[in-house]
Amino acid sequence: MQICQNPHCSNPFNSLSNRFCISCGQSNFGNLLRNRFRALRLLGSGGFSRTYEAQDVDRLDAPCVIKQFFPQFQGTFERNKAAELFKEEAFRLYELGENHSSIPRLLAYFEQGSSLYLVQELIQGQTLFKEFQQQAFNEEKIRQLLADLLPIIEFIHLRNVIHRDIKPENIIRRQNDHKLVLIDFGGAKQITQTSLARQATVIYTIGYAPSEQMAGFACHASDLYALGVTCVRLLTQCLPIQDSQGQIHDRLYDPMSGLWLWRELLEEKGLTVSFALGQVLDKLLKHLATDRYQTAAAVLKDLHSVPLKRRQPEMLTQAQNAIAKRCCEAQIAEFPNQQTFEFNVVTVDARGEEISNNHQAARFYAEDLGNGVMLEMVAIPGGTFTMGSPEDEGDADERPQHKVIVEPFFMGRFPVTQREWRSVAALPKIKQSLNPNPSKFKGINRPVENVSWHEAVEFCARLQEKTKRCYRLPSEAEWEYACRAGTTTPFHFGETINTDLVNCSTSDTEAFEPRSKYRKETTSVGNYQVANAFGLYDMHGLVWEWCADPWHKNYDGAPRDGTVWEVDGDLNRRVLRGGSWSFIPQLCRSASRSWNEADGGMRICGFRVVAT
């Protein structure tokens with residue numbers, strides 16, 4: 001596919017065989033739309049829009065979707081008004097995607113010629129439409145679908161957005177984590193009190209939309225109706241069919257009585273659902289919007305009034321994890337050849353001036369990686385600490401503060417070095433290959449950086465296979481507990497840090513600024529020859545460190561036992577801790593949190609391992 005480079009062209013997409021643009025007639029072609037997006041193929045078209053699969057060259061050819069709209073303007077004023085409203089709704093979609101992991105992120109919006117464009121990330125996976133073509137859904141699957149989708153719908157409704165096109169084709173089971181993602185927000189509409197009383201652009205899919213939406217008056221209950229229709233179609237495997245004359249035939253719906261016949265079709269198939277689920281579906285499918293559920297939360301409440309049967313694999317996994325946890329705890333004192341090492345612990349005042357320098361000792365063992373390369377693992381005692389920041393420190397994602405109980409474990413004395421990385425990268429592959437030399441700043445005793453979360457997990461898996469010990473990334477709680485080492489100040493050094501103690505960037509607001517030295521690159525691990533009270537080096541600055549946890553925007557609902565927080569997190573984004581050589585002290589605090597794309601994103605990250 002080639003792109004007409006005329007900036008005023010209304011439809012720049014052309015086949016490779018075209019000598020002249022089919023829209024504007026010019027012959028100036030290129031490969032990219034707006035010098036960024038490479039269109040690969042047409043995914044679909046209908047009404048006043050087309051959808052293209054594409055690549056974002058500014059994001060290393062990351063897959064994306066271009067949605068092209070052809071609004072019908074009546075004069076310049078209406079054209080400008082439509083463009084203004086389009087911009088407002090694009091901003092609303094941007095907010096949704098940035099704040100919910102089950103909604104595609106908006107990458108760009110723009111106007112060209114008489115067309116309007118949205119570009120969103122492409123979600124890799126299979127739609128529910130393809131799933132139910134292979135096998136009908138049973139009650140357990142429908143309940144799980146509702147449990148997964150209703151919180152997403154509640155999220156968008158609370159932000160005054162109506163999707164307007166919920167159907168199996170617009171629900172994808174994401175390939176990497178099997179979570180459901182709601183896509184195709186191109187027809188989404190912001191709703192206000194005034195817009196409820198005003199007829200809007202009619203966007204819907206026949207066989208899923210309720211009567212009020214087809215008349216141009218969509219509301220929150222319209223989305224819930226479409227969700228109900230989706231459920232009964234997945235249960236019955238019955239879709240509307242359009243004949244050659246354009247007539248719609250739908251065995252599932254009687255248009256004369258306005259009734260859904262899903263129970264009758266299930267009976268024909270010899271299938272049933274529980275009374276409780278049947279009542280929920282019937283209320284979702286009420287003809288009048290006022291008779292339906294008005295909020296997704298109300299549906300969830302009724303859905304959970306009868307206990308939802310948990311999926312057996314999850315129960316088994318939890319049980320296995322509990323057994324593994326007990327086994328690992330029992331083995332912590334059994335790591336062989338434990339030795340004692342000594343180190344210095346420094347404390348500074350609010351100006352960064354040293355006020356104490358104590359000599360301490362801790363236990364460790366050295367894991368032989370081969371060829372004389374040793375990975376030093378320090379014993380971290382169990383205990384209780386307050387995780388997060390008070391109101392006068394840090395950001396909202398570091399709250400609420402909460403007590404956490406942490407079991408004993410071992411943690412790398414330093415971030416994993418390039419020498420250690422190279423040794424493990426040479427071991428047999430478990431799931432993926434590892435580049436033996438990924439780091440930007442070379443040096444065998446410098447921390448490895450430029451590695452993704454998945455690569456760090458692969459490192460742990462290879463190490464575990466070689467040693468038969470339980471190696472993994474730390475949980476976020478374990479990391480902060482280990483960093484604080486019994487302190488409650490912003491840094492384990494005290495109220496502040498300086499570049500005589502930590503490799504970080506400088507800040508105009510820091511007390512130590514006049515004497516700071518910004519090194520602009522990593523240094524060897526342990527370069528500053530000071531540790532925290534547990535004997536860990538370089539916990540502040542030097543290199544961002546991966547944790548096992550998916551990203552959560554705050555600590556509401558966080559576990560109190562120090563384990564990885566897997567529930568409801570964004571599995572595509574993983575937690576980072578500690579700051580780095582290029583970040584200011586504020587972002588290197590014990591409680592400071594950040595995230596990066598698990599597959600790499602900004603590849604600035606290293607890690608250290610724990611053993612249990």
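Reckoned from all heavy atoms, side chains included, excluding hydrogens, waters and symmetry mates.
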Test F607 against every option in F459, W544, W479 by the side-chain contact (heavy atoms from CB on, under 4.5 Å) rule and name the one that passes.
F459
Say you draw a straight line from CZ of F534 to CD of Q360; how long is it, rounded to the nearest 0.5 Å?
10.5 Å
For the atom pair CD (E121) and CG (L106), what is the distance rounded to the nearest 0.5 Å?
10.0 Å
State which residues pass side chain to side chain donor-acceptor pair (under 3.5 Å) with [X]; sequence neighbours excluded, sorted by chain then number.
{"X": "N344", "answer": "H359"}
{"X": "N357", "answer": "none"}
{"X": "E154", "answer": "none"}
{"X": "D368", "answer": "none"}

State, with a plain yes or no, whether a side-chain heavy atom of [X] is found less than 4.5 Å away from one of [Y].
{"X": "V451", "Y": "W421", "result": "yes"}
{"X": "E476", "Y": "H552", "result": "no"}
{"X": "R174", "Y": "N572", "result": "yes"}
{"X": "W581", "Y": "T523", "result": "no"}
{"X": "V448", "Y": "S439", "result": "yes"}

Partners of [X] by salt bridge (charged side-chain N to carboxylate O under 4.0 Å, His left out), sequence neighbours excluded?
{"X": "E391", "value": "R399"}
{"X": "R419", "value": "none"}
{"X": "E566", "value": "none"}

Between the side chains of E449 and K440, is the shortest nitrogen-to-carboxylate-oxygen separation below 4.0 Å, so that they form an ion pair?
no
Salt bridge check, R446 against E521: does any charged N sit closer than 4.0 Å to a carboxylate O?
yes
How would you list, by chain and number, every residue that makes a side chain to side chain contact (heavy atoms under 4.5 Å, CB included) with D397, sequence neighbours excluded?
D395, W551, R593
Mind checking side chain to side chain contact (heavy atoms under 4.5 Å, CB included) for R472 and listing every partner two or more places apart, or none if nothing turns up?
E478, V610, T612
Taking all atoms of both residues into account, what is the closest heavy-atom pair of R462 and A425, and its distance?
NH1-O, 2.8 Å
ring-ring contact (aromatic ring centres under 6.0 Å, His included) partners of residues 371-408, not counting sequence neighbours, each pair once
F385-Y481, H402-Y555
Can any side-chain N or O of H163 pair as donor or acceptor with the backbone N or O of I183 at less than 3.5 Å?
yes
Pairs of donor and acceptor atoms involving the side chains of residues 409-417, under 3.5 Å and at least two apart or interchain, shall be tabulated with distances.
unit_1	atom_1	unit_2	atom_2	d
R413	NH1	E376	OE1	2.5
T417	OG1	E420	N	3.2
T417	OG1	E420	OE1	3.3

Please step through salt bridge (charged side-chain N to carboxylate O under 4.0 Å, His left out) for the pair E131 and R173, ending with a clear verdict.
CA-CA 9 Å; E131 279 192 17; R173 193 176 304 281; 2.6 Å; yes
Any pair counted as salt bridge (charged side-chain N to carboxylate O under 4.0 Å, His left out), so long as it reaches residues 541-558, sequence neighbours left out
E545-R608
Carefully, step by step, assess L375 and L463 under the rule side chain to side chain contact (heavy atoms under 4.5 Å, CB included).
CA-CA 10 Å; L375 177 66; L463 189 56; 3.7 Å; yes
